[in-house]
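Structure first, then comments.
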Amino acid sequence: MSSLFGGLDGGARERVAVRFDGRSLTYGGLAGAAGVVARRVGRGGRVAVWATPGMETVVAVVGVLLAGSAAVPLNPKSGEKELAHIVSDSAPSLVLAAPGARLPGALGGLERVDVDVEARAEVPQPEVSEEDPALVVYTSGTTGPPKGAVLPRRALTATLDALADAWQWTEADVLVHGLPLFHVHGLVLGVLGPLRRGGSVRHLGRFSTEGVARALTDGATMFFGVPTMYHRIAEALPDDPGLAEALRGARLLVSGSAALPVHDHERIAAATGRRVVERYGMTETLMNTSVRADGEPRAGTVGVPLPGVELRLVEEDGTEIAGLDGESVGEIQVRGPNLFTGYLNRPDATAAAFTADGWFRTGDMAVREPDGYVRIVGRKATDLIKSGGYKIGAGEIENALLEHPGVREAAVTGEPDADLGERIVAWIVPADPGNPPGTEELADHVARRLAPHKRPRVVRHLDVLPRNDMGKIMKRALTDA
Ligand code: MCA
Ligand code: AMP
């Protein structure tokens with residue numbers, strides 16, 4: 001198992017691996033506590049992790065990986081419908097949770113094992129293959145419930161080593177972030193990344209500009225965030241000289257999960273003299289491109305393909321765009337060891353995601369600058385919304401809205417939002433036009449069923465939804481209305 005975590009294999013057992021608000025674990029402590037989890041979990045199979053932003057989640061995921069099993073991180077704010085789907089789809093053997101964490105009814109049928117961060121046992125040494133699944137991460141599509149992307153161990157190591165090369169990321173780095181631990185950004189890059197390098201991660205529990213400033217002033221060298229976090233930093237900078245000073249001292253500021261607006265990039269550059277580095281990835285592909293630490297961090301670009309990643313732009317008819325002209329727009333397709341193996345229980349969706357010759361269709365549209373830099377210009381599907389860095393499918397929200405008795409018809413779109421990138425807008429035809437359900441009621445309804453970040457922020461009432469001759473809702477007409 002030597003391969004996943006350089007930090008656990010090396011000799012630096014006294015070095016701090018992980019810190020959460022006053023609690024920390026050294027590499028020796030993490031190996032011991034994760035060893036207990038690994039022995040309890042055993043080899044093979046899938047194990048759910050109640051992924052609160054705390055030390056237990058790190059110990060649980062590392063323990064599952066040391067056991068040679070696959071972790072299924074669960075969003076602790078997921079609603080009943082979403083959780084029930086994930087649990088029945090991934091069929092975990094048990095759920096790992098922090099002592100005292102309250103688990104909802106949807107997990108009632110699962111055996112619960114509490115994680116003890118103080119416990120210690122030898123790390124087992126199971127036989128594992130690099131193709132064995134390491135994580136199953138649920139991600140939204142345009143329609144239907146989220147799909148479980150199966151990420152093999154080699155995808156994690158390939159992406160983390162490519163990032164180490166691009167960012168000159170070493171064991172001397174201390175990363176700070178406040179990202180959720182049930183998605184690739186916060187879990188793979190933000191936790192497994194430092195552990196693979198033998199470095200250290202400080203998790204804020206919850207993102208705040210003050211927390212970032214404090215950590216960077218107190219020895220952290222890198223910050224990872226989604227554009228919403230950088231927007232909040234850009235907003236706070238004029239009144240917070242300490243924040244500007246802290247960012248100035250960082251070795252690397254990295255943004256990803258959605259496009260970083262040029263305005264925020266430039267405001268941060270003007271106030272701190274530092275340019276944020278953007279990288280581009282996806283749950284299914286892990287990281288594809290990045291601006292390199294020794295490259296030019298130009299606003300609005302996501303840099304160059306990472307080592308080992310093949311990337312091409314393809315036109316609608318399948319023709320590959322040959323030149324780097326900075327204006328021909330095509331879909332980004334990628335190939336490489338960083339890719340997932342498929343969607344759990346969804347061979348149809350897996351087949352549809354790849355071309356006949358094995359390229360993964362990202363659905364992201366881009367151009368390539370003459371020097372090879374990739375500039376993302378949009379997305380193929382209008383039914384995918386990125387809000388706060390979370391990917392959200394219009395279809396799953398529409399289905400949830402239709403389960404509300406006050407809703408006869410529903411359509412969901414994303415609208416530009418300075419803070420969230422896009423905000424979710426629900427267009428509904430009320431069952432009773434004289435008594436339509438209010439915004440808060442529908443927001444709560446969706447938050448309870450799916451997750452709070454999937455709740456509509458705006459609700460608009462219509463007498464009828466605009467449909468074409470085939471009866472299909474014309475979303476563009478709604479967005480333009
Ligand atoms: C609000 N809340 C509610 C409701 N309304 N709860 C229940 N019912 C409601 N009706 C709660 C929320 O749960 C939250 O609780 C609080 O109110 C505020 O929520 P909200 O306004 O939605 O969010 P925010 O606090 O403003 O969060 C902004 C954020 C967040 C911190 C930027 O969006 C975020 O963490 N984004 C990161 C997304 C991410 O990691 N994406 C990676 C996937 P409480 O106060 O308890 O929190 S993409 C990926 O992995 C790929 C590979 C990539 O490229 O990176
Ligand atoms: P997810 O499925 O949640 O992993 O989100 C992946 C999607 O996030 C990608 O397909 C892109 O649309 C978007 N994304 C990630 N990083 C960036 C970035 N740096 N710039 C623009 N879009 C991004």
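Basis for what follows: all heavy atoms, side chains included, without hydrogens, waters or symmetry-related copies. Numbering of ligands and ligand atoms starts at 1, following listing order.
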Quick check on contacts: which atoms of ligand 1 are under 4.0 angstrom from a heavy atom of [X]?
X	answer
His185	42 (C), 50 (O), 55 (O)
Ala447	7 (C), 8 (N), 9 (C), 10 (N)
Val184	50 (O), 52 (C)
Met287	52 (C)
Asp444	9 (C), 10 (N)
Gly281	54 (O)
Lys77	13 (O), 15 (O), 44 (P), 46 (O), 47 (O)

Answer yes or no for [atom]: protein heavy atom present at a distance under 4.0 Å?
atom	answer
atom 29 (C) of ligand 1	no
atom 1 (C) of ligand 1	yes
atom 17 (O) of ligand 1	no
atom 42 (C) of ligand 1	yes

Let's go through His265 and Arg275 carefully: what are the C-alpha distance in whole Å and the side-chain angles of both, what is the deciding distance for side chain to side chain donor-acceptor pair (under 3.5 Å) to 0.1 Å, and is it a yes or a no? CA-CA 7 Å; His265 178 118; Arg275 291 198 173 271; 2.9 Å; yes
Pick, from [options], the option with the minimum heavy-atom distance to [atom].
atom	options	result
atom 25 (O) of ligand 1	Met229, Arg206, Arg457, Arg448	Arg206
atom 11 (C) of ligand 2	Val374, Asp364, Val377	Asp364
atom 48 (S) of ligand 1	Lys386, Lys391, Met282	Lys386
atom 18 (C) of ligand 2	Gly421, Gly300, Gly256, Ala258	Ala258

If I apply the N/O under 3.5 Å rule, does [X] come out as touching ligand 1?
X	value
Ser387	no
Gly389	yes
Arg455	yes
Thr228	no
Thr283	no
His453	no
Gly256	no

Just checking Trp167 against Phe224, ring centres under 6.0 Å apart?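 Yes, the ring of Trp167 comes within the 6.0 Å limit of the ring of Phe224, centre to centre.
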Any heavy atom of Val184 sitting closer than 4.0 Å to ligand 2?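 Distance cut 4.0 Å: Val184 fails for ligand 2.
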Of all the atoms in ligand 2, which lie at a distance below 4.0 Å from a heavy atom belonging to Glu278?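 Near Glu278, meaning under 4.0 Å from one of its heavy atoms, ligand 2 has 18 (C), 19 (N), 20 (N).
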Atom 13 (C) of ligand 2 - nearest protein heavy atom and its distance: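 Heavy-atom neighbour on the protein nearest atom 13 (C) of ligand 2: Ser257 O, 3.6 Å.
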Looking at atom 36 (N) of ligand 1, what's its closest protein heavy atom, distance included?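 Checking every protein heavy atom, the shortest distance to atom 36 (N) of ligand 1 gives Gly388 O, 2.8 Å.
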Please say whether more than 12 non-hydrogen atoms of neighbouring residues, nucleotides or ligands are located less than 6.0 Å from CG in Asp21.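 Not buried by this count: 12 neighbours or fewer within 6.0 Å.
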Would you say CD of Glu131 has more than 12 non-hydrogen atoms from neighbouring residues, nucleotides or ligands within 6.0 angstrom?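 Yes, the 6.0 Å shell around CD holds more than 12 heavy atoms from other groups.
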Could you check whether [X] pairs with [Y] (Lys NZ or Arg NE/NH1/NH2 to Asp/Glu carboxylate O, under 4.0 Å)?
X	Y	result
Lys81	Glu396	no
Glu403	Arg449	yes
Arg202	Asp218	yes

Sequence-distant partners of Thr289, side-chain contact (heavy atoms from CB on, under 4.5 Å), two or more places apart: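 Here the qualifying residues are Tyr280, Val302, Leu311, Val374.
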Side chain or backbone of Ile376 under 4.0 Å from ligand 2, or both, or neither, by non-hydrogen atoms?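 Only the side chain of Ile376 comes within reach of ligand 2.
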May I ask you to check if Arg361 and Phe354 form a cation-pi contact, with NZ or CZ under 6.0 angstrom from the six-membered ring centre and within 45° of the axis?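 No, Arg361 does not lie over the aromatic ring of Phe354.
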Report yes if some N/O of Glu284 lies less than 3.5 Å from some N/O of ligand 2; otherwise report no.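 Looking only at distances, the answer is no, because the N/O contact criterion of under 3.5 Å is not met.
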